[in-house]
There are 2 protein chains.
Amino acid sequence: MSLTRKQEIIITASRLFKERGYNAISMRDLAAEMGIKAASLYNHISSKQEILGLIILKVSEEFTQHINTIYLDELSSIKKLEAIIQNHIEITLKYTHHLACMNNDWIHLEDEYKQRYLNLRNEYESKFRQILQQGKDEGELKDIDLEIVVFSVLTTLRTLHIWYAKKTSIQVATLQQDLPKTLLYGIVKS
Amino acid sequence: MSLTRKQEIIITASRLFKERGYNAISMRDLAAEMGIKAASLYNHISSKQEILGLIILKVSEEFTQHINTIYLDELSSIKKLEAIIQNHIEITLKYTHHLACMNNDWIHLEDEYKQRYLNLRNEYESKFRQILQQGKDEGELKDIDLEIVVFSVLTTLRTLHIWYAKKTSIQVATLQQDLPKTLLYGIVKS
DNA sequence: CCTACCGATCGGTAGG
DNA sequence: CCTACCGATCGGTAGG
């Protein structure tokens with residue numbers, strides 16, 4: 001499975017954007033990293049903005065697609081939340097740089113790219129909120145302010161890539177086991 | 001209590017950096033926002049980098065100072081954690097823009113500024129970790145992987161400003177009550 | 001894929 | 001606080 005030149009550009013860019021930020025990376029930096037000249041990049045992509053758009057929409061679509069599937073499943077809300085957490089861990093492992101880039105640089109998306117990203121994100125948050133509401137309705141979840149839970153869980157999941165980059169000896173298996181515990185059941189002994 | 005011109009520059013800059021990012025804001029943008037010319041800024045500050053440094057070190061120092069006090073208090077680990085959460089809420093309300101700027105743009109700090117910031121952050125995380133360890137030793141906290149808890153709680157606290165910017169009708173009182181519940185006791189009914 | 005180049009904008013300085 | 005200006009760098013194009 002060989003990569004097209006365009007795919008190579010996107011992968012290289014996602015790594016550089018993650019390390020130093022979209023605005024801090026010039027087309028000359030990106031070209032140098034690939035061993036070519038800046039002008040040559042434009043044979044494969046149409047603008048710097050397109051690169052950012054493709055990186056961010058790629059993962060955004062994966063996330064939204066996954067939660068739409070989970071959302072329709074015949075599962076308890078807790079099982080759904082566990083599946084969502086596992087999915088975030090998987091995507092973090094598979095698309096670490098894309099994810100970091102999405103979190104840090106989505107603000108620099110323009111026009112249609114930004115609109116499409118925000119639509120996907122809103123759709124994701126909406127489904128997530130509804131799953132939590134289901135949990136409250138069915139009596140599985142505590143009566144805590146919904147927005148606070150949405151915020152606190154999603155923030156942690158979205159920034160998993162920061163933890164992953166540190167590689168402080170934690171195993172993925174540990175994360176898969178203890179992250180759902182932490183987020184769902186808390187850290188205080190009952 | 002009137003502000004010096006330098007303080008005005010820093011406050012205005014923190015708002016602009018929060019909205020569009022350090023690299024996306026030019027000295028001309030900042031000057032225009034203050035109704036003066038870019039060259040005039042240099043009568044009050046020595047460089048763009050100095051502005052970023054002052055913004056970030058200000059809040060970093062407040063955080064570290066607070067946890068150092070808490071750390072030495074004669075309190076249970078749970079009470080310490082509650083105090084830390086309350087402090088994050090307070091600083092978020094007081095320094096929303098500084099905090100957002102710290103989270104998004106610390107990567108663009110250079111040399112000594114970056115080093116001082118990283119030292120403060122490491123000191124903070126270290127104290128936070130020790131408080132959690134105290135909780136495990138005294139049997140108040142569950143036996144969950146320590147790094148996962150450090151990561152998940154601190155990530156949520158650090159990005160509170162995102163929630164606050166949304167202003168989705170949540171009252172501060174609700175946040176002060178339900179955020180500690182969510183982070184410490186989880187969301188699943190026992 | 002390259003060389004050569006464009007207009008625009010950047011952080012910052014000189015000098016008043 | 002300003003005008004005037006510096007060298008450097010930016011995203012992108014023309015033409016091969």
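All values derive from a computational prediction rather than experimental measurement.
Here the P atom of nucleotide C/dG11 and the CD atom of B/E50 are 15 Å apart, to the nearest Å. For the pair B/R5 CZ and D/dC1 P, the computed distance is 4 Å after rounding to whole Å. Distance, B/I45 CD1 to D/dC1 C1': 14 Å, rounded to whole Å. Here D/dC1 presents its C1' atom at 12 Å from CE of B/M34, a figure rounded to the nearest Å. As a whole-Å value, the separation of A/Y42 OH from D/dA14 P is 13 Å. Atom P of nucleotide D/dG12 and atom CG of A/L52 are separated by 12 Å, given to the nearest angstrom. A/H108 places its NE2 atom 13 Å from the P atom of D/dG11, with the value rounded to the nearest Å. To the nearest angstrom, C1' of C/dC1 lies 11 Å from CG of A/L41.
The shortest side-chain heavy-atom distance between B/F151 and A/L160 falls under the 4.5 Å cut-off.
Relative ring orientation between B/Y22 and B/F17 is described as perpendicular, the plane-to-plane angle rising above 60° on a 0-90° scale split at 30° and 60°.
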(request) Sugar-phosphate means primed atoms, P, OP1 and OP2; the rest is base. With that split, encode nucleotides 4-10 of chain C 5' to 3' as B, S or - using protein heavy atoms under 4.0 Å. (result) ------S
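Sequence neighbours left out, not one pair with a member in residues 93-109 of chain A passes salt bridge (Lys or Arg N to Asp or Glu O under 4.0 Å). Contacts classified as ring-ring contact (aromatic ring centres under 6.0 Å, His included) and involving residues 32-57 of chain A (residues at least two apart or in different chains) are not found.
Checking B/Q130 against B/S126 by side-chain atom types alone, a donor-acceptor pair falls below 3.5 Å. No side-chain donor-acceptor contact under 3.5 Å links B/Y113 and B/Q49.
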(request) Quick one: the dot-bracket string of DNA chain C, using Watson-Crick and G-U wobble pairs with both distances under 3.5 Å, [ ] for crossing pairs and | for bases paired to another strand. (result) ||||||||||||||||
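Open room surrounds NZ on A/K58; 12 or fewer heavy atoms of other groups in view lie less than 6.0 Å from it.
In terms of position on DNA chain C, the residue among A/K37 and B/Y22 whose nearest nucleotide sits closer to the 5' end is A/K37.
With sequence neighbours excluded, the residues satisfying ring pair (Phe, Tyr, Trp, His ring centres under 6.0 Å) with A/H88 are A/F63, A/Y124. For A/E125, the side-chain contact (heavy atoms from CB on, under 4.5 Å) test picks out A/R121, A/R129, A/L154, A/R158, B/K166, with sequence neighbours left out.
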